[in-house]
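No experiment lies behind these values; they were computed from the predicted model shown. Just so you know, these numbers use all the heavy atoms, side chains as well, and skip hydrogens, waters and symmetry mates.
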Amino acid sequence: VGTVDRNADLGWNETAGATGYKVYFGTDNPPTTLLSDQPGPTADPGVMPFSATRYWQIVPYNLYGEASSCPVWSFTIQPDPTVTSFPYTENFDGVGSGTLPYGWTTADGAIANDMQWTNRVAYSRSEPNSMVIQAGYQHVSMDDWFFSPPLQLTAGIPYRVEFYYRPLWSMTSDGEN
């Protein structure tokens, strides 16, 4: 499965005839801690610690009792993305088009639009990749965000943050390039 986000929820397929699910979750294999007893196929284990392995088991039940021999699954939570070693650089060349480096995130704001940040093989300062958003396309208002991983900075040490950007095009108020 690889690693999962530390805020991930658990999800599974519903079992025919089940009226509920006991969700066992924890560090033991098999897990012995009952996380929840619920009617639906999702559970929220809360925020999990970085780089930890967790085991989980779903036990469907109905008025005739609990299912037996239910499988146990496991996953490892993502490592801490905080940057602690400097200088730190990222040119987006180590990831494929359409993906982000680990720890980098995007977010759409409150203004509805179809704009998205994307990693693209084009328009880069250093070949081959760059991050692109079609800012100002069709004069659309936007508040779409692009975030670096957290940076662990030490007081008293000077840091320099640098980034490069350029518009793909610019338009005047009458629509002329």
Side-chain angles (χ1 to χ4, degrees), residues 1-15 20-61 66-109 116-121 124-133 143-165:
V1 172
T3 60
V4 300
D5 186 277
R6 68 189 298 223
N7 297 301
D9 289 340
L10 306 175
W12 58 92
N13 294 326
E14 292 189 70
T15 301
Y21 302 90
K22 290 186 178 179
V23 181
Y24 292 92
F25 183 79
T27 58
D28 297 325
N29 184 10
T32 56
T33 302
L34 181 64
L35 175 67
S36 64
D37 183 346
Q38 59 193 60
T42 61
D44 181 0
V47 177
M48 298 172 280
F50 289 117
S51 301
T53 298
R54 292 292 182 263
Y55 299 91
W56 60 297
Q57 182 181 44
I58 305 303
V59 180
Y61 63 88
E66 295 181 356
S68 61
S69 301
C70 299
V72 174
W73 295 283
S74 69
F75 58 86
T76 301
I77 295 100
Q78 67 191 17
D80 186 346
T82 302
V83 176
T84 59
S85 179
F86 299 97
Y88 168 76
T89 60
E90 179 58 65
N91 62 8
F92 308 103
D93 290 345
V95 294
S97 183
T99 60
L100 295 174
Y102 183 69
W104 289 77
T105 56
T106 62
D108 292 330
Q116 295 180 27
W117 282 97
T118 183
N119 181 348
R120 187 181 296 170
V121 179
S124 62
R125 182 171 186 274
S126 65
E127 296 293 333
N129 293 338
S130 65
M131 290 303 299
V132 176
I133 191 165
D143 61 348
D144 303 87
W145 301 88
F146 182 48
F147 299 99
S148 74
L151 305 174
Q152 183 176 334
L153 305 177
T154 303
I157 296 177
Y159 294 93
R160 180 176 158 172
V161 176
E162 214 173 71
F163 67 95
Y164 298 92
Y165 73 96

Atom CG of Leu10 and atom CH2 of Trp56: how far apart are they, to the nearest 0.5 Å? 5.0 Å
Would you say that more than 12 heavy atoms from the other residues, nucleotides or ligands in this model lie under 6.0 Å from the CD of Gln152, or not? no
Heavy atoms, side chains only, cut-off 4.5 Å: are Phe146 and Phe163 in contact? no
Please find the pair of heavy atoms, one from Val59 and one from Cys70, that lie closest to each other, and give the distance. CA-SG, 4.0 Å
For Pro71 and Gln57, work out which heavy atoms get closest and say how close. O-CG, 3.4 Å
Spacing of CG belonging to Asp44 relative to CG belonging to Leu35, to within rounding of 0.5 Å: 8.0 Å
Please report the interatomic distance OG1(Thr3) to CZ(Phe50), rounded to the nearest 0.5 Å. 11.0 Å
With rounding to the nearest 0.5 Å, note down the distance linking OH in Tyr24 to OG1 in Thr33. 10.0 Å
In terms of heavy-atom contacts, Lys22 and Leu34 come closest through CB-CD1, 3.8 Å
Using 0.5 Å steps for rounding, measure from the OG atom of Ser36 to the CZ atom of Phe25. 10.5 Å
Kindly compute the distance separating CD1 (Ile58) from CH2 (Trp73), expressed to the nearest 0.5 Å. 6.0 Å
Of all heavy-atom pairs linking Pro31 and Val72, the shortest is CD-CG1, 3.8 Å
Sorted by chain and residue number, the side chain to side chain contact (heavy atoms under 4.5 Å, CB included) partners of Phe147 (sequence neighbours excluded) come out as Thr105, Ala107, Trp145
CG of Asp5: more than 12 outside heavy atoms within 6.0 angstrom? yes
Test item: Asp28 side-chain N/O and Pro30 main-chain N/O as donor-acceptor pair under 3.5 Å: no
Kindly say whether Pro49 contributes a backbone atom to a donor-acceptor pair with the side chain of Arg6 at under 3.5 angstrom? no
Can you give each donor-acceptor pair under 3.5 Å made by side-chain atoms of residues 76-88, sequence neighbours left out, with the distance rounded to 0.1 Å?
| from | atom 1 | to | atom 2 | distance (Å) |
| --- | --- | --- | --- | --- |
| Thr76 | OG1 | Thr53 | OG1 | 3.3 |
| Asp80 | OD1 | Thr82 | N | 2.9 |
| Asp80 | OD1 | Thr82 | OG1 | 2.8 |
| Tyr88 | OH | Trp104 | NE1 | 3.0 |

Work out which heavy atom in Met48 is nearest to a heavy atom in Ala8; give both atom names and the distance. CE-O, 3.8 Å
